Structure formats: structure tokens, C-alpha cells
Amino acid sequence: MQDRVRIRETTLLSENWGKLTRYRFELRRSDGRWQEQTREVYDRGHGAVLLAYDPARRHVLLTRQFRLPAYVCGHQEEMIEAPAGLLDKLDPETRIRAEVEEETGYRLGKVERLFAPFMSPGSVTEHLTFFIAPYSPDDRVSDGGGLEEEGEDIEVLDLAFDEAMAMVRDGRICDGKTILLLYHLALTVFRD
């Protein structure tokens with residue numbers, strides 16, 4: 001790929017919660033011509049997400065919380081999501097276990113890694129490692145709710161799987177990573 005891309009200029013635009021950089025580069029097109037382009041790239045680090053499921057009760061464990069980007073795009077309700085977080089220099093499994101416990105209050109046993117795609121490769125560097133794990137009500141060790149010092153005020157939702165799928169269909173669940181995980185469970189764990 002190095003013979004197809006020539007970075008000509010990088011300009012740091014912002015370095016707050018993440019890093020926003022403007023790149024001026026040339027890309028060799030399939031016909032051999034070079035084309036100059038400019039793009040902005042947002043680097044906020046990599047993350048992990050996990051959907052816990054209760055096979056005995058056919059339930060899933062989700063969260064509900066305020067998300068500013070969704071709000072400013074017109075989504076007035078709090079987002080319903082699978083627990084997720086940035087890796088903060090930890091490996092994905094270690095980080096997602098801690099994140100699930102912080103957000104939901106559940107301490108999980110075995111977790112299964114699924115895949116680690118780029119979620120928005122046109123502008124964001126993040127790739128997200130997806131996990132699933134079984135849980136039961138006996139795995140709850142605290143109330144969860146997230147960390148106040150991180151601005152979190154999270155509601156824990158223990159929902160029937162069929163209800164969660166209905167919420168995807170009617171738009172109450174509109175988070176992409178959560179929808180991917182719910183459909184994964186529909187194809188593998190909760191097949192009817």
C-alpha cells in the first residue's frame with residue numbers, strides 16, 4: 001500500500017478527548033494517476049464491547065445512558081447499548097471485564113472474543129473488539145451505574161432477548177455495535 005499513498009502534510013487540529021488530524025496526501029488511482037486528497041482523521045484509541053446473555057432466561061444485559069453526539073443529531077432519548085469502553089492501554093478482554101463490572105455490576109466468568117472491526121474507517125481510527133459472555137443474576141456483585149468521575153450515570157437493563165430484538169426493529173435500540181451483537185446472538189445462541 002505504501003506505493004499507493006504519499007502523505008504530504010499533517011496538521012494537528014485538536015487534542016482534547018481524542019486527537020483530530022488533517023492529512024493532505026496523494027493516492028495512486030487504479031489507472032495509475034496520482035490524486036491529491038485532504039481528510040480529517042479522529043484518533044480516540046481502540047475499544048471493546050460485550051453483550052452478556054442469560055441462556056436459561058433468554059435475557060441480555062444492556063445499559064441506558066446519555067450520549068451527546070446522538071443528542072446533537074436529534075436523538076432525544078438516552079441510548080440503549082451493550083457495555084463498552086476504551087482500552088486505556090489494557091488488552092481488550094481485561095478492559096471489557098472491568099467495564100462491564102463498572103457499568104452493570106456483574107462480574108463475568110468466561111468471555112468469548114468474536115471479531116475486531118473498524119467501525120467507521122472513513123474518518124475514525126478506532127477498531128472495536130466484540131465479545132459475548134453468559135451471565136446469571138447470581139453474577140451481580142454491585143449496582144453498577146458507571147463511574148461518576150467519568151460523567152457516567154448508567155441504568156442497567158436486564159431485558160428479555162425477544163424484547164431487545166423488538167426494540168431494534170422499532171428503533172429504540174439504534175446503537176450499531178449493540179445491534180451487531182444482538183443479531184450475532186440471534187444467529188448463534190438464541191436460534192429458534
Side-chain angles (χ1 to χ4, degrees), residues 17-18 43-67 70 78-121 124-170 172-192:
W17 191 43
D43 180 356
R44 59 181 227 117
H46 301 302
V49 59
L50 182 144
L51 182 56
Y53 64 93
D54 182 336
R57 297 181 305 135
R58 283 184 58 95
H59 275 222
V60 292
L61 198 57
L62 298 171
T63 63
R64 184 185 344 245
Q65 62 183 306
F66 175 75
R67 294 295 198 186
E78 292 180 316
M79 295 290 290
I80 298 173
E81 308 172 47
L86 294 176
L87 298 184
D88 297 330
K89 300 181 181 177
L90 296 174
D91 69 274
E93 183 176 332
T94 299
R95 186 65 201 117
I96 197 58
R97 286 178 175 284
E99 194 71 24
V100 168
E101 191 169 327
E102 288 170 11
E103 291 188 6
T104 69
Y106 284 78
R107 186 169 296 144
L108 301 174
K110 182 181 176 193
V111 302
E112 179 184 346
R113 182 190 183 281
L114 301 176
F115 35 75
F118 286 95
M119 296 302 292
S120 188
V124 180
T125 61
E126 176 188 35
H127 66 84
L128 193 60
T129 304
F130 284 68
F131 294 91
I132 57 173
Y135 80 100
S136 77
D138 295 337
D139 296 328
R140 192 157 202 181
V141 295
S142 73
D143 291 337
L147 300 175
E148 185 176 345
E149 60 269 19
E150 292 182 6
E152 295 176 326
D153 185 16
I154 297 171
E155 178 185 356
V156 180
L157 305 174
D158 187 337
L159 298 174
F161 176 73
D162 293 337
E163 180 182 357
M165 292 302 287
M167 294 169 83
V168 169
R169 288 189 294 276
D170 69 20
R172 288 178 286 163
I173 294 178
C174 55
D175 173 63
K177 63 188 180 301
T178 303
I179 293 169
L180 281 171
L181 284 166
L182 286 167
Y183 274 96
H184 177 81
L185 286 184
L187 292 171
T188 60
V189 176
F190 293 135
R191 293 178 300 207
D192 289 333

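FYI, side chains are in, hydrogens and waters are out, and symmetry mates aren't considered; it's all heavy atoms of this structure. Given the structure is predicted, the values throughout are model-derived calculations rather than measurements.
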inquiry  = Looking at Leu90, is its backbone amide N or carbonyl O close enough to the side chain of Thr94 to form a donor-acceptor pair, meaning the two atoms are under 3.5 Å apart?
reply    = no

ask   = Going by an N to O cut-off under 4.0 Å, is there a salt bridge joining Arg67 and Glu81?
value = yes

inquiry  = Can you confirm whether Glu78 sits close enough to Gln65 that some side-chain heavy atom of one is under 4.5 Å from a side-chain heavy atom of the other?
reply    = no

task = Looking only at non-hydrogen atoms, find the nearest pair between Arg140 and Ser142 and report the distance.
result = NE-O, 3.1 Å

ask   = So, are Asp158 and Arg57 salt-bridged, with charged N and O less than 4.0 Å apart?
value = yes

inquiry  = To the nearest 0.5 Å, what is the distance between CZ on Arg172 and CD on Glu163?
reply    = 6.5 Å

ask   = So, Arg97 and Glu93, do they make that salt bridge, N to O below 4.0 Å?
value = yes

Side-chain heavy-atom pair Val168, Tyr183 within 4.5 angstrom cut-off = yes

task = Using atom types as modelled and distance alone, determine if a side-chain donor or acceptor of Glu152 lies under 3.5 Å from a backbone N or O of Leu147.
result = yes

message = Give me the atom names and distance for the closest heavy-atom approach of Val111 to Ala133.
response = CG1-CB, 3.7 Å

query = How about Glu155 and Thr63: do any of their side-chain heavy atoms sit closer than 4.5 Å?
reply = no

query = Would you say the side chain of Asp139 lies within less than 4.5 Å of the side chain of Arg107, judging by non-hydrogen atoms?
reply = no

note = Rounded to the nearest 0.5 Å, the CG atom of Leu51 sits from the CG atom of Leu180 at a distance of 11.0 Å

key: Within-4.5 Å side-chain heavy-atom neighbours: Leu61 and Tyr53   = no

ask   = In this structure, which one of Thr129, Leu50, Leu87, Val100 forms a side chain to side chain contact (heavy atoms under 4.5 Å, CB included) with Arg95?
value = Leu87

inquiry  = A side-chain contact here means heavy atoms from C-beta on lying under 4.5 Å apart; do Lys177 and Leu128 qualify?
reply    = yes

key: Asp153 atom CG: more than 12 heavy-atom contacts under 6.0 Å   = no

His46 side chain to His127 backbone, donor-acceptor under 3.5 Å = yes

Candidate pair Leu182 and Met165, rule side chain to side chain contact (heavy atoms under 4.5 Å, CB included), full reasoning = CA-CA 7 Å; Leu182 286 167; Met165 292 302 287; 3.7 Å; yes

ask   = Closest heavy-atom contact between Pro83 and Thr104?
value = CG-CG2, 3.7 Å

query = What closest approach, in Å, do Ile179 and Ile173 show between heavy atoms, and which atom pair accounts for it?
reply = CD1-O, 3.7 Å

query = Is Asp175 close to Ile80 at the side-chain level, that is, under 4.5 Å between some pair of heavy atoms?
reply = no

query = Considering residues at least two apart in sequence or located in another chain, which fulfil the ring-ring contact (aromatic ring centres under 6.0 Å, His included) criterion with Phe161?
reply = Phe190

key: Candidate pair Glu126 and Leu86, rule side chain to side chain contact (heavy atoms under 4.5 Å, CB included), full reasoning   = CA-CA 9 Å; Glu126 176 188 35; Leu86 294 176; 4.1 Å; yes

request  = To the nearest 0.5 angstrom, please state how far the OG1 atom of Thr125 sits from the CG atom of Asp43.
outcome  = 3.5 Å

ask   = Got a sec, which pairs hit ring-ring contact (aromatic ring centres under 6.0 Å, His included) with one end in residues 81-115, sequence neighbours left out?
value = Tyr106-Tyr135, Phe115-Phe130

query = Is Arg44 atom CZ crowded by more than 12 heavy atoms from other residues, nucleotides or ligands, each under 6.0 Å away?
reply = yes

remark   = Heavy-atom nearest pair, Val60 first then Ala164, reads CG2-CB, 3.9 Å

request  = Check Gly145 against Val156 and note the closest heavy-atom contact, atom names and distance.
outcome  = N-CG2, 4.5 Å

